[in-house]
2 protein chains.
Amino acid sequence: MAIERISESEYAVIEPLWDKAPLTAVEIADRVAKDNDWTLQTVKTLLSRLVAKGAVAFETQGRRYLYRPLIARNDHAVAESRRLLDRLFAGRVSPLVAQLAKRDALSEDDIAEIEALLKELRA
Amino acid sequence: MAIERISESEYAVIEPLWDKAPLTAVEIADRVAKDNDWTLQTVKTLLSRLVAKGAVAFETQGRRYLYRPLIARNDHAVAESRRLLDRLFAGRVSPLVAQLAKRDALSEDDIAEIEALLKELRA
DNA sequence: GATTTATGTTTACATGCGTAGTTGGATAGG
DNA sequence: CCTATCCAACTACGCATGTAAACATAAATC
């Protein structure tokens, strides 16, 4: 039941499905076109790879193929984040935050948000 | 001056050099052997790829090749983290923390550490 | 009914990665 | 000197990825 690893390009293709599903390949390609310059063929290839990986399913409605995601955006994001934390920060979050802080990669707003978050957690 | 992207296996090979440098290929292979089951040849290949990417340099001392890192561990970690944050969390840290919290991936200690860190930041 | 259109499937091809064998040159030991 | 050894460089090969053309098939249109 582990989440199948999906590539960056595949991610770009599943993303529209997280905003709205189901969608056809053409609809997905249209939405993806804002950020990427792929042909429809490329989007279809990525879709079929996502289907092969069990990350996306389709149902055929007559001639239309309607795609929908099988994994949740947040599940993917968390899985990837854990991978990174494990690899680079011994699995812990605070060293990551510390490094980013040291590089001035944390705005005042970021800090305030995280603090509010944590305060709520221990409430 | 962008940091060259290095692969996971390459990372395992450069890691010993961050602890101690310079080292020979054999010394690196020994240290890497704790976590990976690679032949010496594999380690050498990874080393040469790191050299090609400008992440590692060597100096030859007679017959000995001594390797040393050209990039800093933290620079690499921060670059990778930014990539992930940009891709998955619109470049912001708090949504990452929020997700991890929601998944119970934050221990009491983690939370306390991060809070201490942030408090210090605004001091 | 024949042809164009829509849509997925198959095949392709370059690049990067993980993993390692083979080669060639320097060197140390006899 | 010659040979065995040590080392890096070169070559290799399968798999994933990024990108897409070619192919097949069903449907819509004329």
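Each chain gets a letter, A, B and so on, in the order its sequence line appears, and its residues count up from 1.
- If you measure from atom CG of A/L40 to atom C1' of C/dA6, you get 10 Å, rounded to the nearest angstrom.
- One atom, CD of A/E59, and another, C1' of C/dT7, lie 16 Å apart when rounded to the nearest Å.
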Give the intermediate values and the outcome of salt bridge (charged side-chain N to carboxylate O under 4.0 Å, His left out) for residues A/E80 and B/R87.
CA-CA 10 Å; A/E80 288 293 307; B/R87 270 202 308 130; 3.8 Å; yes
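- A salt bridge links A/E8 and B/R83; the closest N-O separation between the charged side-chain nitrogens and carboxylate oxygens is under 4.0 Å.
- Distance CD (A/Q61) to P (C/dA6): 18 Å, rounded to an integer number of Å.
- Rounded to an integer number of Å, the gap from CG of A/D30 to C1' of C/dA6 is 14 Å.
- Remark: A/R73 pairs with A/D19 by the salt bridge (charged side-chain N to carboxylate O under 4.0 Å, His left out) rule, at least two apart or across chains.
- Minimum interatomic distance between A/A12 and A/V32 (heavy atoms only, all atoms of both residues): O-CG2, 3.3 Å.
- For the pair A/I6 and A/T39, nearest-nucleotide mapping onto DNA chain D gives the more 5' position to A/I6.
- Going from atom CG of B/N36 over to atom P of C/dA20 covers 10 Å, rounded to whole Å.
- Counting 5' to 3', DNA chain D first comes under 4.0 angstrom of a heavy atom of chain A and last does so at the ends given by D/dT17 to D/dA28.
- Grouping Ile, Leu, Val, Met, Phe, Trp and Tyr residues whose side-chain heavy atoms lie under 4.5 Å apart, directly or via other members, places B/V26 in a hydrophobic cluster with B/L40.
- Within the nucleic acid shown, B/S9 comes within 4.0 Å of sugar-phosphate atoms alone, with no base atom in reach, counting heavy atoms only.
- Protein atom CD of B/E10 is 11 Å distant from nucleotide atom P of C/dT19, rounded to whole Å.
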For residues 108-123 of chain A, please give each side-chain donor-acceptor pair under 3.5 Å, one per line with the distance, not counting sequence neighbours.
| unit_1 | atom_1 | unit_2 | atom_2 | d |
| --- | --- | --- | --- | --- |
| A/D110 | OD2 | A/S107 | N | 3.1 |
| A/D110 | OD2 | A/S107 | OG | 3.2 |
| A/E113 | OE1 | B/R92 | NH2 | 2.6 |
| A/E113 | OE1 | B/S94 | OG | 2.4 |
| A/E113 | OE2 | B/R92 | NH2 | 2.8 |
| A/E115 | OE1 | B/R122 | NH1 | 3.2 |
| A/R122 | NH1 | B/E115 | OE1 | 3.2 |

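- Contacts of residues 13-28 of chain B with DNA chain C (heavy atom under 4.0 Å): none.
- Taking atom CZ of residue A/R63 and atom C1' of nucleotide C/dT4, one finds them 17 Å apart after rounding to whole Å.
- Contact annotation for A/T42: base contact, defined as any heavy-atom pair under 4.0 Å involving a base atom.
- Atoms CD1 and NZ, from A/I28 and A/K44 in turn, are 11.0 Å apart once rounded to the nearest 0.5 Å.
- Using modelled atom types, one side-chain atom of B/W18 and one backbone atom of B/I71 make a donor-acceptor pair closer than 3.5 Å.
- Rounded to an integer number of Å, the gap from A/E8 CD to C/dG16 P is 15 Å.
- Proximity of a side-chain donor or acceptor of B/T42 to a complementary backbone N or O of B/W38 within less than 3.5 Å is not detected.
- Less than 4.0 Å separates DNA chain C from at least one heavy atom of each of the following residues of residues 45-54 of chain A: A/R49.
- Side-chain atoms of B/K53 do not come within 3.5 Å of backbone N or O of B/I6 as any donor-acceptor pair.
- Under a 4.0 Å N-O distance rule, the pair A/R31/A/E15 does not qualify as a salt bridge.
- We find the CD1-OH distance between B/I14 and B/Y67 to be 12.5 Å, quoted to the nearest 0.5 Å.
- Note on A/Y67: a side-chain N or O is less than 4.0 Å away from OP1 or OP2 of C/dG8.
- The side chain of B/Q41 has C/dG21 as its nearest neighbour among C/dC17, C/dG21, C/dT9.
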